[in-house]
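Below: the structure, in C-alpha coordinates.
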Amino acid sequence: MLGRFQYNDIIFSGEVFDGIVYPDPVYQQLDDEYPLSSLLILPPALPSKIVCVGLNYADHAKELNMELPKNPILFLKPPSAVLAHEGLIRYPAESEQVDYEAELGIVIGKKCRHVSADSAFDYILGFTCFNDVTARDLQRADGQWTRAKSFDTFAPVGPFIVTPEELGRQNLSPGRLSVSCRVIRGQNEEVRQSSSTSEFIFGIPNLIAFISSVMTLEKGDIIATGTPPGVGALLVGDTVEIEIEGVGVLRNTVVSAE
(Lines give C-alpha, C1' and ligand atoms only; values in the text may rest on other atoms or scores of the structure.)
Protein backbone atom coordinates (compact mmCIF):
# COMPACT_ATOMS: atom_id res chain seq x y z
CA MET A 1 0.00 0.00 0.00
CA LEU A 2 1.13 3.53 -0.79
CA GLY A 3 0.56 6.56 1.38
CA ARG A 4 1.62 10.00 2.53
CA PHE A 5 2.76 10.63 6.07
CA GLN A 6 4.12 13.22 8.44
CA TYR A 7 6.99 12.69 10.88
CA ASN A 8 7.68 15.76 13.00
CA ASP A 9 7.80 18.51 10.34
CA ILE A 10 8.65 16.20 7.45
CA ILE A 11 5.97 15.16 4.96
CA PHE A 12 6.86 12.17 2.84
CA SER A 13 5.54 9.33 0.70
CA GLY A 14 6.14 5.69 1.47
CA GLU A 15 4.99 2.10 1.28
CA VAL A 16 3.11 0.34 4.09
CA PHE A 17 3.71 -3.31 4.84
CA ASP A 18 2.63 -5.16 8.00
CA GLY A 19 2.28 -1.95 10.00
CA ILE A 20 5.68 -0.59 8.97
CA VAL A 21 6.17 2.40 6.67
CA TYR A 22 9.17 2.42 4.36
CA PRO A 23 9.84 5.97 3.10
CA ASP A 24 10.62 6.60 -0.54
CA PRO A 25 14.44 6.62 -0.82
CA VAL A 26 14.35 10.20 -2.08
CA TYR A 27 13.81 11.29 1.56
CA GLN A 28 17.43 10.76 2.60
CA GLN A 29 17.02 12.56 5.93
CA LEU A 30 14.60 9.86 7.17
CA ASP A 31 15.25 6.46 8.70
CA ASP A 32 14.70 3.35 6.61
CA GLU A 33 11.44 2.44 8.36
CA TYR A 34 8.89 3.70 10.89
CA PRO A 35 6.03 2.04 12.78
CA LEU A 36 2.79 3.27 11.23
CA SER A 37 1.55 4.15 14.74
CA SER A 38 4.34 6.74 15.07
CA LEU A 39 3.24 8.72 12.00
CA LEU A 40 0.39 11.03 11.06
CA ILE A 41 -1.50 9.60 8.08
CA LEU A 42 -2.12 12.26 5.42
CA PRO A 43 -4.41 12.08 2.37
CA PRO A 44 -2.73 9.56 0.05
CA ALA A 45 -2.93 11.85 -3.00
CA LEU A 46 -2.88 15.58 -3.74
CA PRO A 47 -5.40 15.88 -6.58
CA SER A 48 -5.66 18.89 -8.84
CA LYS A 49 -9.33 17.89 -9.07
CA ILE A 50 -11.74 15.24 -7.85
CA VAL A 51 -13.98 13.96 -10.62
CA CYS A 52 -17.13 12.34 -9.23
CA VAL A 53 -19.61 10.09 -11.00
CA GLY A 54 -23.30 10.31 -10.14
CA LEU A 55 -25.69 7.36 -10.32
CA ASN A 56 -23.21 4.64 -11.29
CA TYR A 57 -24.70 1.65 -9.41
CA ALA A 58 -27.56 -0.26 -11.02
CA ASP A 59 -28.95 -1.19 -7.60
CA HIS A 60 -28.88 2.48 -6.55
CA ALA A 61 -30.76 3.48 -9.70
CA LYS A 62 -33.32 0.78 -8.90
CA GLU A 63 -33.62 2.09 -5.33
CA LEU A 64 -34.35 5.57 -6.69
CA ASN A 65 -36.63 4.25 -9.45
CA MET A 66 -34.50 6.06 -12.03
CA GLU A 67 -33.56 5.09 -15.56
CA LEU A 68 -29.95 4.13 -16.16
CA PRO A 69 -27.96 7.04 -17.59
CA LYS A 70 -26.71 6.76 -21.17
CA ASN A 71 -23.39 8.41 -20.28
CA PRO A 72 -21.59 8.97 -16.97
CA ILE A 73 -22.92 11.92 -14.98
CA LEU A 74 -19.93 13.99 -13.87
CA PHE A 75 -19.38 16.67 -11.26
CA LEU A 76 -16.32 18.04 -9.47
CA LYS A 77 -15.21 18.47 -5.88
CA PRO A 78 -12.42 20.97 -5.11
CA PRO A 79 -9.10 19.78 -3.69
CA SER A 80 -9.76 22.03 -0.68
CA ALA A 81 -12.42 19.51 0.41
CA VAL A 82 -9.88 16.68 0.86
CA LEU A 83 -9.71 15.16 4.35
CA ALA A 84 -7.39 12.46 5.68
CA HIS A 85 -8.26 9.21 7.42
CA GLU A 86 -9.32 9.98 11.02
CA GLY A 87 -9.83 13.63 10.11
CA LEU A 88 -12.92 15.48 11.32
CA ILE A 89 -15.86 16.08 8.98
CA ARG A 90 -17.18 19.53 9.87
CA TYR A 91 -20.97 19.83 9.74
CA PRO A 92 -21.63 23.25 8.19
CA ALA A 93 -24.07 25.61 9.89
CA GLU A 94 -25.74 26.21 6.52
CA SER A 95 -27.02 22.62 6.30
CA GLU A 96 -29.52 20.51 8.21
CA GLN A 97 -28.83 17.24 6.36
CA VAL A 98 -25.31 16.00 5.70
CA ASP A 99 -25.12 12.57 4.05
CA TYR A 100 -22.41 9.93 3.63
CA GLU A 101 -21.71 8.27 0.27
CA ALA A 102 -19.31 5.29 0.20
CA GLU A 103 -17.26 5.13 -3.00
CA LEU A 104 -14.29 3.42 -4.60
CA GLY A 105 -11.72 6.04 -5.56
CA ILE A 106 -9.37 5.71 -8.53
CA VAL A 107 -6.05 7.54 -8.21
CA ILE A 108 -4.48 8.55 -11.53
CA GLY A 109 -0.80 7.66 -11.89
CA LYS A 110 0.26 9.84 -14.80
CA LYS A 111 -1.03 12.68 -16.93
CA CYS A 112 -3.38 11.55 -19.67
CA ARG A 113 -5.90 12.74 -22.24
CA HIS A 114 -8.08 10.82 -24.72
CA VAL A 115 -7.32 7.45 -23.14
CA SER A 116 -8.89 4.38 -24.70
CA ALA A 117 -10.78 1.94 -22.49
CA ASP A 118 -8.29 -0.76 -23.47
CA SER A 119 -5.34 1.25 -22.12
CA ALA A 120 -7.08 2.78 -19.09
CA PHE A 121 -5.27 0.66 -16.50
CA ASP A 122 -1.93 1.98 -17.78
CA TYR A 123 -2.85 5.29 -16.15
CA ILE A 124 -4.09 4.04 -12.78
CA LEU A 125 -1.79 4.32 -9.78
CA GLY A 126 -4.26 2.51 -7.56
CA PHE A 127 -7.48 2.50 -5.59
CA THR A 128 -8.58 4.06 -2.32
CA CYS A 129 -11.67 4.60 -0.17
CA PHE A 130 -13.66 7.77 -0.70
CA ASN A 131 -16.61 9.41 1.05
CA ASP A 132 -18.59 11.86 -1.10
CA VAL A 133 -20.00 13.83 1.84
CA THR A 134 -22.98 15.91 0.68
CA ALA A 135 -25.21 18.60 2.17
CA ARG A 136 -28.35 17.04 0.71
CA ASP A 137 -30.73 19.85 1.63
CA LEU A 138 -28.50 22.39 -0.10
CA GLN A 139 -28.26 20.15 -3.15
CA ARG A 140 -32.05 20.11 -3.40
CA ALA A 141 -32.35 23.84 -2.72
CA ASP A 142 -29.73 24.88 -5.26
CA GLY A 143 -30.83 22.58 -8.07
CA GLN A 144 -27.16 21.82 -8.79
CA TRP A 145 -24.43 20.19 -6.80
CA THR A 146 -21.42 22.46 -6.39
CA ARG A 147 -22.13 24.07 -3.01
CA ALA A 148 -23.52 20.90 -1.47
CA LYS A 149 -20.46 18.85 -2.40
CA SER A 150 -17.68 21.37 -1.86
CA PHE A 151 -17.46 22.31 1.82
CA ASP A 152 -14.06 21.87 3.43
CA THR A 153 -13.69 18.29 4.79
CA PHE A 154 -16.38 16.93 2.41
CA ALA A 155 -13.93 14.65 0.55
CA PRO A 156 -12.48 12.14 3.03
CA VAL A 157 -10.06 9.83 1.22
CA GLY A 158 -7.64 7.08 2.19
CA PRO A 159 -6.11 5.82 4.26
CA PHE A 160 -3.84 4.37 1.55
CA ILE A 161 -3.64 3.54 -2.14
CA VAL A 162 -3.70 -0.11 -3.19
CA THR A 163 -2.23 -0.78 -6.63
CA PRO A 164 -3.89 -3.00 -9.24
CA GLU A 165 -1.00 -5.44 -8.76
CA GLU A 166 -1.71 -5.66 -5.01
CA LEU A 167 -5.36 -6.39 -5.69
CA GLY A 168 -4.29 -9.08 -8.15
CA ARG A 169 -2.11 -10.72 -5.51
CA GLN A 170 -5.23 -10.91 -3.33
CA ASN A 171 -7.12 -12.52 -6.25
CA LEU A 172 -9.40 -9.48 -6.33
CA SER A 173 -10.68 -7.48 -9.29
CA PRO A 174 -11.57 -3.77 -8.96
CA GLY A 175 -14.76 -4.58 -10.88
CA ARG A 176 -15.91 -7.03 -8.20
CA LEU A 177 -15.15 -5.46 -4.82
CA SER A 178 -17.56 -5.21 -1.91
CA VAL A 179 -18.33 -1.65 -0.84
CA SER A 180 -19.87 -0.81 2.51
CA CYS A 181 -20.57 2.06 4.88
CA ARG A 182 -20.99 1.79 8.65
CA VAL A 183 -22.21 4.53 10.96
CA ILE A 184 -21.28 4.33 14.64
CA ARG A 185 -23.63 6.39 16.80
CA GLY A 186 -23.03 6.12 20.52
CA GLN A 187 -22.90 2.42 21.37
CA ASN A 188 -24.65 1.39 18.15
CA GLU A 189 -22.97 0.39 14.90
CA GLU A 190 -25.11 0.01 11.79
CA VAL A 191 -24.25 -1.05 8.24
CA ARG A 192 -25.94 1.55 6.04
CA GLN A 193 -24.58 0.59 2.60
CA SER A 194 -23.55 -2.81 1.27
CA SER A 195 -23.02 -3.54 -2.41
CA SER A 196 -20.34 -4.42 -4.95
CA THR A 197 -18.56 -2.66 -7.79
CA SER A 198 -20.02 -5.41 -9.97
CA GLU A 199 -23.13 -3.18 -9.89
CA PHE A 200 -21.28 -0.43 -11.79
CA ILE A 201 -23.25 0.89 -14.76
CA PHE A 202 -20.03 2.24 -16.26
CA GLY A 203 -16.93 0.20 -15.51
CA ILE A 204 -13.54 1.63 -14.62
CA PRO A 205 -12.01 1.54 -18.14
CA ASN A 206 -15.04 3.25 -19.66
CA LEU A 207 -15.08 5.88 -16.93
CA ILE A 208 -11.45 6.81 -17.55
CA ALA A 209 -11.99 6.87 -21.31
CA PHE A 210 -15.07 9.09 -20.97
CA ILE A 211 -13.60 11.50 -18.43
CA SER A 212 -10.29 11.85 -20.28
CA SER A 213 -12.22 12.70 -23.45
CA VAL A 214 -13.50 15.76 -21.58
CA MET A 215 -10.52 16.88 -19.51
CA THR A 216 -6.84 16.20 -18.93
CA LEU A 217 -6.28 13.99 -15.91
CA GLU A 218 -3.19 14.82 -13.88
CA LYS A 219 -1.10 12.56 -11.68
CA GLY A 220 -2.80 12.34 -8.28
CA ASP A 221 -6.28 13.21 -9.55
CA ILE A 222 -9.07 11.15 -7.98
CA ILE A 223 -12.09 9.68 -9.72
CA ALA A 224 -14.90 8.86 -7.29
CA THR A 225 -16.87 6.12 -9.00
CA GLY A 226 -20.36 6.57 -7.52
CA THR A 227 -22.18 5.27 -4.47
CA PRO A 228 -24.44 2.24 -3.88
CA PRO A 229 -27.92 2.20 -2.28
CA GLY A 230 -28.49 3.22 1.31
CA VAL A 231 -27.27 6.82 1.34
CA GLY A 232 -28.37 8.57 4.50
CA ALA A 233 -27.78 11.28 7.05
CA LEU A 234 -24.96 11.81 9.51
CA LEU A 235 -25.25 13.58 12.87
CA VAL A 236 -22.64 15.46 14.85
CA GLY A 237 -20.82 12.86 16.94
CA ASP A 238 -21.21 10.04 14.42
CA THR A 239 -18.22 8.07 13.19
CA VAL A 240 -18.53 6.90 9.59
CA GLU A 241 -16.46 4.05 8.13
CA ILE A 242 -16.13 3.35 4.41
CA GLU A 243 -14.78 -0.14 3.71
CA ILE A 244 -13.68 -1.39 0.30
CA GLU A 245 -12.70 -5.04 -0.02
CA GLY A 246 -8.93 -5.38 -0.41
CA VAL A 247 -8.45 -1.62 -0.22
CA GLY A 248 -9.04 -0.70 3.42
CA VAL A 249 -11.21 1.20 5.87
CA LEU A 250 -11.58 4.99 5.88
CA ARG A 251 -12.78 6.36 9.22
CA ASN A 252 -13.90 9.89 10.09
CA THR A 253 -15.92 11.53 12.85
CA VAL A 254 -18.46 14.32 12.38
CA VAL A 255 -18.13 17.49 14.44
CA SER A 256 -19.80 20.89 14.44
CA ALA A 257 -18.18 23.48 12.18
CA GLU A 258 -18.11 25.97 15.06
Side-chain angles (χ1 to χ4, degrees), residues 43 45-57 59-69 71-85 87-106 128-158 179-183 185 192-193 195 200-202 207 210-211 214-215 221-242 244 250-258:
L46 294 174
S48 71
K49 55 190 168 293
I50 304 164
V51 186
C52 302
V53 183
L55 199 64
N56 194 37
Y57 279 74
D59 51 359
H60 189 34
K62 182 178 180 180
E63 175 192 42
L64 299 174
N65 195 29
M66 296 179 67
E67 293 185 5
L68 302 186
N71 290 303
I73 300 167
L74 304 182
F75 61 93
L76 298 175
K77 277 180 176 271
S80 54
V82 167
L83 181 68
H85 173 66
L88 301 176
I89 298 170
R90 299 196 175 275
Y91 201 118
E94 296 90 335
S95 177
E96 295 182 354
Q97 183 184 346
V98 172
D99 288 2
Y100 54 81
E101 294 189 18
E103 309 205 8
L104 174 69
I106 304 168
T128 191
C129 303
F130 189 85
N131 189 349
D132 177 20
V133 181
T134 304
R136 194 70 63 199
D137 54 343
L138 302 185
Q139 183 181 16
R140 289 192 293 263
D142 291 354
Q144 53 86 19
W145 301 0
T146 300
R147 180 168 66 133
K149 301 278 189 177
S150 298
F151 285 93
D152 289 357
T153 76
F154 270 27
V157 60
V179 178
S180 64
C181 173
R182 294 183 294 272
V183 174
R185 183 171 294 167
R192 298 285 188 85
Q193 294 180 282
S195 188
F200 277 174
I201 299 167
F202 303 101
L207 285 178
F210 183 83
I211 294 167
V214 177
M215 66 189 80
D221 282 354
I222 296 170
I223 299 173
T225 55
T227 197
V231 170
L234 292 167
L235 302 179
V236 171
D238 287 351
T239 295
V240 56
E241 295 182 341
I242 309 302
I244 310 289
L250 169 67
R251 182 184 305 106
N252 300 93
T253 298
V254 183
V255 299
S256 172
E258 297 176 354

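Every heavy atom of this structure was used, including side-chain atoms; hydrogens, water molecules and symmetry mates were not. For reference, positions follow the sequence shown, starting with 1.
- Looking only at side-chain heavy atoms (C-beta outward), E101 and T134 come within less than 4.5 Å of each other.
- Taking the side chain as every heavy atom from C-beta outward, P228 and Q193 approach each other to under 4.5 Å.
- No side-chain heavy atom of D221 sits under 4.5 Å from any side-chain heavy atom of I50.
- Under the 4.5 Å side-chain criterion, counting only non-hydrogen atoms from C-beta, V133 is in contact with P156.
- Contact detail for Y57 and G226: the closest heavy-atom pair is CE1-O, 3.2 Å.
- E103 and I244 get closest at one heavy-atom pair: O-CD1, 3.8 Å.
- To the nearest 0.5 Å, atoms CD1 (I242) and CG (L250) are separated by 6.5 Å.
- The ring pair (Phe, Tyr, Trp, His ring centres under 6.0 Å) search around F202 returns none, not counting sequence neighbours.
- Looking at N252 and L88, their side chains never come closer than 4.5 Å, going by heavy atoms from C-beta outward.
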Practice prompt. Evaluate the criterion side chain to side chain contact (heavy atoms under 4.5 Å, CB included) for residue pair L207 and V53; output intermediate values, then yes/no.
Written response: CA-CA 9 Å; L207 285 178; V53 183; 3.9 Å; yes
Practice prompt. Mind running side chain to side chain donor-acceptor pair (under 3.5 Å) on S95 and Q97 for me, showing each step along the way?
Written response: CA-CA 6 Å; S95 177; Q97 183 184 346; over 6 Å; no
Item to complete: Evaluate side chain to side chain contact (heavy atoms under 4.5 Å, CB included) for R251 paired with H85, printing each intermediate quantity in order.
Response: CA-CA 6 Å; R251 182 184 305 106; H85 173 66; 3.7 Å; yes
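- No side-chain heavy atom of V98 sits under 4.5 Å from any side-chain heavy atom of R136.
- Closest approach of Y91 to V254, counting heavy atoms only: CD1-CG1, 3.9 Å.
- The minimum heavy-atom distance linking C181 with V240 is given by the pair SG-CG2, 3.6 Å.
- The shortest side-chain heavy-atom distance between K49 and V51 falls under the 4.5 Å cut-off.
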Worksheet item: Would N71 and F210 satisfy side chain to side chain contact (heavy atoms under 4.5 Å, CB included), going step by step from the backbone distance to the final call?
Response: CA-CA 8 Å; N71 290 303; F210 183 83; 3.9 Å; yes
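- Checking side-chain atoms of S150 against main-chain N and O of P78 turns up no donor-acceptor pair under 3.5 Å.
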Worksheet entry | Step-by-step side chain to side chain contact (heavy atoms under 4.5 Å, CB included) determination, I211 to V214 | CA-CA 5 Å; I211 294 167; V214 177; 5.7 Å; no
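- Residues I89 and Y100 have side chains not in contact (no heavy-atom distance under 4.5 Å, counting atoms from C-beta outward).
- The minimum heavy-atom distance linking S195 with D59 is given by the pair OG-OD2, 2.6 Å.
- Taking the salt bridge (charged side-chain N to carboxylate O under 4.0 Å, His left out) definition, one finds that D132 meets it with K77, K149, sequence neighbours left out.
- In this structure, Q144 places its CD atom where more than 12 heavy-atom neighbours from other residues, nucleotides or ligands lie under 6.0 Å away.
- Judged by distance alone, with hydrogens and angles left aside, the side-chain atoms of D142 form no donor-acceptor pair with the main-chain N or O of Q139 at under 3.5 Å.
- Counting all heavy atoms, side chain and backbone alike, E96 lies closest to D137 at N-OD2, 2.7 Å.
- Counted by atom type alone, T239 and E241 present zero donor-acceptor pairs between their side chains at under 3.5 Å.
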Worksheet entry | Criterion side chain to side chain donor-acceptor pair (under 3.5 Å) on N56 and T225, from CA distance to verdict | CA-CA 7 Å; N56 194 37; T225 55; 5.4 Å; no
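- Separating the CG atom in L104 from the OG1 atom in T227 is a distance of 11.0 Å, to the nearest 0.5 Å.
- Note that the SG atom of C52 and the CG atom of L76 stand 7.5 Å from one another [nearest 0.5 Å].
- Listed by chain and residue number, F154 satisfy the ring pair (Phe, Tyr, Trp, His ring centres under 6.0 Å) test with F151 (two or more places apart in sequence, or in another chain).
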